[in-house]
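Below: one structure, written as structure tokens.
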Amino acid sequence: MTLIDSDPDTGLAPLNFSVTRSLNGKTPQQRAEILANPGFGTSFTDHMVDICWSTKGGWHRPRVQPYGPIALDPAAAVLHYGQEIFEGIKAYRHADGSVHTFRPDQNGRRLQRSARRLALPELPVSYFIQSLRELIAVDGDWVPSGADQSLYLRPFMFAKEAFLGVRPANKVAYYLIASPAGAYFTGGVRPVSIWLSEDYSRAGKGGTGAAKTGGNYASSLLPQSEAYERECDQVVFLDQDRNVEELGGMNVVFVYKDGTLVTPESPSILEGITRDSLLQLARDRGHKVEGRRVSLDEWRQGVASGDIVEVFACGTAAVVTPIGTLKGADFIDEQPTGELALSLREELTDIQYGRREDTHGWLVRLDA
Ligand SMILES: Cc1ncc(COP(=O)(O)O)c(C=O)c1O
């Protein structure tokens, strides 16, 4: 068990995890081969964490166990009604070998907000952070040390109670798996092309857009396929009033010529932690920052008039990606590119990889 202090907010003592080591994990040589070229989301470490929850027992049976298939009753509620949420967060290896993660309290809180919306139980943030530490304690060797590499951590929670009826499940499982990661987009950081989805929306008023729940991503797959058919990398969604929302898995930021950064804000957008951090770094540099509605017309006219000088997308997986082209059914708008997106990306990744001072106290060490 990893010893950590009790939760300062709730006073909860740490969980007492049982640890079962994998007997058929990868050999050091197999692991080295994977880490040399990890891709994204295709290889997994040797272990996983799970914690059970029930209405009667609360959070119980915290375990670290060998990575492997999950046995589910065919009537498990998640398979029928999609009661599921997840998170995405990375572990970074610093030059001295130590392993750190970035703002895990924010991911823990967002998992709680997603849980509330999906009628799932809220995992205490201290348990969430402890789960990351427990996995790193057994799979720390899986955190790669190459440039731009990390260990992508995927916490998720789902309804496992077996019943066919639409109500919140009384039995839930929380899991954490991890996948070594290189660059998200093949070809490294390059401007991406975006397809404007007019026929499909990602979220509606009062819907689940602000929650990180599988259904939002399931509904983005068809428009994402449309994007690929139009030779675009990603899809951007509008709301019912033709305001810009976000991409399928990233937030959007517009840079105006007076240096102001503007990002769409609405109750149906996922509140990105990368976006929040980049905007803070921009504020530190003296930029004005606004969260507000941005209509498609404002975007297109701003680019045409030169008022908008840069547009970029951001999220944990790809960090920062300049948007090079916006394609609609009857137009193609080339987007202006500038220096700010890449310079903010460098500053953020320098902090994450320990190459620059972490003045905001965003890093949390996982391996000690
Ligand atoms: C729909 C969506 N928007 C935005 C983001 C960015 O969030 P974060 O910066 O916390 O990764 C994500 C996830 O990465 C996402 O899935």
Side-chain angles (χ1 to χ4, degrees), residues 40-41 84-92 101-114 117-118 125 128-129 132 150-157 178-179 181 183-185 192 194-195 197 200-204 207-224 227 233-239 243-254 261 263-282 289 291 294 311-321 323 341 344-345 347-349 351-352 360 362-364:
F40 196 97
E84 185 269 354
I85 55 174
F86 66 99
E87 268 303 323
I89 181 168
K90 285 174 169 173
Y92 307 89
T101 193
F102 185 74
R103 307 186 75 184
D105 54 317
Q106 295 298 312
N107 292 85
R109 292 211 176 96
R110 190 169 66 189
L111 188 71
Q112 291 184 327
R113 293 199 296 277
S114 299
R117 182 62 186 84
L118 272 290
V125 172
F128 175 81
I129 297 176
L132 308 181
S150 60
L151 184 65
Y152 184 80
L153 301 163
R154 167 51 59 87
F156 59 106
M157 191 191 294
S179 171
Y184 186 72
F185 290 115
V192 291
I194 304 290
W195 167 247
S197 177
Y200 304 105
S201 54
R202 177 184 171 276
T208 57
K212 212 161 163 61
T213 182
N216 292 342
Y217 298 82
S219 72
S220 77
L221 298 178
L222 180 59
Q224 180 63 48
D233 300 296
Q234 288 283 311
V235 60
V236 65
F237 293 100
L238 302 177
D239 71 10
N243 293 308
V244 182
E245 293 234 290
E246 57 182 317
L247 310 193
M250 281 188 275
N251 293 119
V252 181
V253 177
F254 301 93
L261 280 77
T263 189
E265 208 165 78
S266 99
S268 49
I269 292 177
L270 189 86
E271 293 175 289
I273 295 154
T274 314
R275 174 178 75 161
D276 185 70
S277 310
L278 293 166
L279 294 180
Q280 183 57 52
L281 296 179
V289 165
V294 179
V311 189
F312 64 88
C314 54
T316 297
V319 194
V320 170
T321 308
I323 294 180
L344 287 172
R345 176 187 220 277
E347 185 173 349
L348 182 66
T349 52
I351 295 169
Q352 290 169 331
H360 292 284
W362 284 336
L363 293 183
V364 170

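We count ligands from 1, going down the list as the structure has it; atoms in each ligand are counted the same way. Heads up: numbering here begins at 1 and tracks the sequence.
Note that CD of Gln280 and NE2 of His360 are 4.5 Å apart. Values are rounded to the nearest 0.5 Å. Between atom CG of residue Leu247 and atom CD of residue Gln224 there is a gap of 9.0 Å, rounded to the nearest 0.5 Å.
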What verdict does the side chain to side chain donor-acceptor pair (under 3.5 Å) test give for Ser277 and Arg103, after you've listed the backbone C-alpha separation in whole Å, the side-chain angles of each residue and the deciding distance to 0.1 Å? CA-CA 9 Å; Ser277 310; Arg103 307 186 75 184; 2.9 Å; yes
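Under the side chain to side chain contact (heavy atoms under 4.5 Å, CB included) criterion, Arg113 pairs with Arg109, Arg110, Arg116, Glu271, not counting sequence neighbours. Glu246 is linked by a salt bridge (Lys or Arg N to Asp or Glu O under 4.0 Å) to Arg202, counting only residues two or more places apart in sequence or in another chain. For Thr274, there are no side-chain hydrogen bond (donor to acceptor under 3.5 Å, both in side chains) partners, not counting sequence neighbours.
Protein residues with a heavy atom under 4.0 Å from ligand 1 are Arg110, Arg202, Lys212, Tyr217, Glu246, Gly248, Gly249, Met250, Asn251, Leu270, Gly272, Ile273, Thr274, Cys314, Gly315, Thr316.
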